[in-house]
Amino acid sequence: MEVAATRLRAALLATAIAVGVPIVSSTEVSATPHTGTLQASLTHPSPSHWKCGGEGHAKPDGTKWVCTFDDEFNGTALNRKQWTPQLTANSNFTTGKAPYQTCYVDNPRTISVSHGYLHLSVVRTKRFQCTGPTRLGLHIFDFSTQYQAGEVTTYYGFHQTYGRFEVRARMPKAKVRGLQETLWLWPTDATRYGGFPASGEIDFAEFYSRYADRVIPYLHYAYNPATVSKKTNINIVTDDYTCLLDTTKFHRYLVVWKPGRITLRYDGKTCLVDNYRPSNVRSPAPFDQPFFLALTQALGVSGNAPTAKTPIPATKLIDYVRVWK
């Protein structure tokens, strides 16, 4: 796993959200004072509005999962009531490192909906100056780059504690280093149990183009490595070798999140089961609070950093996002 890339994203997101800005993170402003206000302002349509592709799933006790969120991307534009683009200009969120540092923008080249898919792309442009928001009159981020990318989240449109989250997606058709994509869940209160990773993060499908034959998921929380047990699936936070599939084809990526247990399945096959036992709080914390969805297209770093052979532009296609509770 490319730890540096995950740490960079986590460091940028682990701080919070400016009220009124359509964004999910800031590298400087603490989210704690704002979280309650933002959560109280969120409204969700009645579950009867959602269809989840007409699929019905039964829980082990025989009861049915209830559809709570669904986007099949059958329109011609992003549904802004459900999704908010992540912008470097508002949040300081960025990925990659110079000369491949990426600026997150909202334009048809980086974020679009057509032919039944959400398209999230990274593109090369003329060199430009990417700037983030200011604090005390100064830009926290102000860098020159040729790369723009797209990311969307449901921070303002949907969040949920526990449930069944499924995304059908196809990663860019690249089998050389340089591209990174993530399907993930992030807490609406990113500091409830402390800074990253203490408040949790669920990367239920993470992709590195140098490893196009697999998915490398990662569950982030504080735990004692001495407690890891494959026999009882305690604190199994990642798996580099079990989640094998051709990421350049469409697959169904599923996370089933229950109190004390997170299960990841791809195309119906179980990839990872974690009976999490955090070291800083008692389970089911930190995963006992609302999380929202984030879908990210990025350039890699370290061993997965881009080269002249990296195919850019590159696009991730999302067929649908469905959530049940």
Side-chain angles (χ1 to χ4, degrees), residues 1-19 23-40 42 86 91-95 140 151 153-155 158-163 165 182-206 216-229 232-240 255-264 272-294 296 298 301:
M1 171 174 182
E2 306 298 329
V3 175
T6 299
R7 295 292 185 188
L8 173 62
R9 188 185 71 249
L12 293 168
L13 284 173
T15 54
I17 304 147
V19 173
I23 196 68
V24 302
S25 66
S26 165
T27 57
E28 295 292 331
V29 182
S30 170
T32 306
H34 308 311
T35 303
T37 302
L38 286 172
Q39 288 181 6
L42 297 177
Q86 172 77 292
S91 68
N92 287 314
F93 181 83
T94 182
T95 57
I140 301 166
E151 174 182 351
T153 84
T154 64
Y155 183 82
F158 176 80
H159 58 78
Q160 182 171 295
T161 307
Y162 309 129
F165 299 74
T182 311
L183 311 176
W184 50 308
L185 298 170
W186 182 259
T188 56
D189 185 348
T191 58
R192 180 174 180 179
Y193 297 110
F196 179 84
S199 291
E201 175 182 343
I202 303 173
D203 298 337
F204 62 94
E206 195 152 18
I216 304 177
Y218 210 110
L219 308 178
H220 295 275
Y221 56 92
Y223 71 99
N224 181 353
T227 64
V228 173
S229 171
T232 58
N233 290 322
I234 291 178
N235 293 339
I236 306 298
V237 300
T238 190
D239 193 319
D240 292 358
V255 54
V256 180
W257 166 24
K258 300 179 180 180
R261 171 178 287 201
I262 295 173
T263 302
L264 305 183
L272 182 148
V273 177
D274 183 25
N275 298 315
Y276 59 90
R277 302 293 183 270
S279 58
N280 62 319
V281 290
R282 183 183 293 274
S283 180
F287 300 106
D288 62 343
Q289 58 175 319
F291 278 55
F292 61 90
L293 284 148
T296 306
V301 297

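Numbering of residues begins at 1 and proceeds along the displayed sequence.
The distance from the OG1 atom of Thr153 to the CG atom of Leu293 is 9.0 Å, given to the nearest 0.5 Å. The CZ atom of Phe287 lies 14.5 Å from the CZ atom of Arg261; values are rounded to the nearest 0.5 Å. We find the CG-OG1 distance between Asn235 and Thr227 to be 4.0 Å, quoted to the nearest 0.5 Å. The OH atom of Tyr218 lies 13.5 Å from the OG1 atom of Thr182; values are rounded to the nearest 0.5 Å. Note that CZ of Arg282 is 12.5 Å distant from CG of Asp288, once rounded to the nearest 0.5 Å.
Relative ring orientation between Trp184 and Trp186 is described as perpendicular, the plane-to-plane angle rising above 60° on a 0-90° scale split at 30° and 60°.
In this structure, a donor-acceptor pair under 3.5 Å is present between the side chains of Asp274 and Tyr221.
Using a 4.5 Å cut-off on side-chain heavy atoms (C-beta onward), Pro217 and Asp203 make no contact. Side chains of Pro284 and Tyr276 form a contact here, defined as non-hydrogen atoms less than 4.5 Å apart. Between Leu219 and Leu272 there is a side-chain heavy-atom pair separated by less than 4.5 Å. In this structure, the side chains of Ile216 and Thr238 come closer than 4.5 Å at one or more pairs of heavy atoms. Inter-residue side-chain proximity for Pro278 and Tyr193 is flagged as unmet; no heavy-atom pair is nearer than 4.5 Å.
A ring-centre distance under 6.0 Å is not found for Trp257 and Phe204.
At distances below 3.5 Å, at least one donor-acceptor pair connects side-chain atoms of Ser199 with backbone N or O atoms of Arg192. Remark: the backbone N or O of Asn275 is not paired with any side-chain donor or acceptor of Asn233 at under 3.5 angstrom. Between the Ser229 side chain and the Ile234 main chain, no donor and acceptor come within less than 3.5 Å of each other.
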Next on the checklist: Run Ile262 and Val255 through side-chain contact (heavy atoms from CB on, under 4.5 Å) and show every step you take.
Outcome noted: CA-CA 7 Å; Ile262 295 173; Val255 54; 3.7 Å; yes
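Here the closest non-hydrogen pair linking Gln289 and Thr161 is C-OG1, 3.1 Å. Of all non-hydrogen atoms in Pro187 and Gly200, the two that sit nearest each other are CD-O, 3.2 Å. Scanning both residues, Val228 and Tyr223, for their nearest heavy atoms gives CG2-CE1, 3.8 Å. Across all their heavy atoms, Phe196 and His220 have their closest contact at CZ-ND1, 3.4 Å. The shortest non-hydrogen separation linking Ser283 to Gly260 is OG-CA, 3.4 Å.
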